[in-house]
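Since the structure is predicted, the reported quantities are computational estimates derived from the model, not experimental observations. Along the sequence shown, residues carry numbers from 1.
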Amino acid sequence: GIATNLLDGGRTFHSCFKPPWVPCANGLLNIPSQSQLAKLLRRSTAIVWDEAPMMHRFQLEALDRTLRDLMSQTQSELANL
């Protein structure tokens with residue numbers, strides 16, 4: 001994708017998030033909550049996804065559910081401090 005070539009550290013959706021080959025309606029992306037990728041996503045303010053219009057709807061929804069899950073874990077962890 002364009003973002004991969006133009007942005008420093010840019011990666012494609014598939015190389016970064018490793019979604020399942022066959023998208024499913026209620027799927028999540030396999031991003032462990034304590035992984036480096038999860039920590040990076042929590043600190044991020046934007047995701048440039050130039051491939052989004054070409055993706056299956058289920059992959060967009062899986063990213064949304066995964067991000068919501070990761071962010072809610074952060075909020076619950078902060079509440080327990």
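Remark: R43 engages K39, L40 in a side-chain contact (heavy atoms from CB on, under 4.5 Å) (not counting sequence neighbours). For H56, the ring-ring contact (aromatic ring centres under 6.0 Å, His included) test picks out F58, with sequence neighbours left out. With sequence neighbours excluded, no residue forms a salt bridge (charged side-chain N to carboxylate O under 4.0 Å, His left out) with R65. For D64, the side-chain hydrogen bond (donor to acceptor under 3.5 Å, both in side chains) partners are R68, not counting sequence neighbours. Residues passing the ring-ring contact (aromatic ring centres under 6.0 Å, His included) test with F17 are F13, sequence neighbours excluded. Residues meeting the side-chain hydrogen bond (donor to acceptor under 3.5 Å, both in side chains) test with S44, sequence neighbours left out: none.
I47 is connected to M55 through a chain of hydrophobic side-chain contacts under 4.5 Å among Ile, Leu, Val, Met, Phe, Trp and Tyr, so both are in one cluster. Under a hydrophobic clustering in which Ile, Leu, Val, Met, Phe, Trp and Tyr are joined whenever their side-chain heavy atoms come within less than 4.5 Å, directly or via other members, L37 and W49 fall into the same cluster.
How far SG of C16 is from CG of L63: 9.5 Å, rounded to the nearest 0.5 Å. Distance CD/Q34 to CG/L70: 10.0 Å, rounded to 0.5 Å. Here CG of L29 is found 8.0 Å from CD of Q59. Values are rounded to the nearest 0.5 Å.
T12 has its side chain within reach of E51: a pair of non-hydrogen atoms, C-beta onward, lies under 4.5 Å apart.
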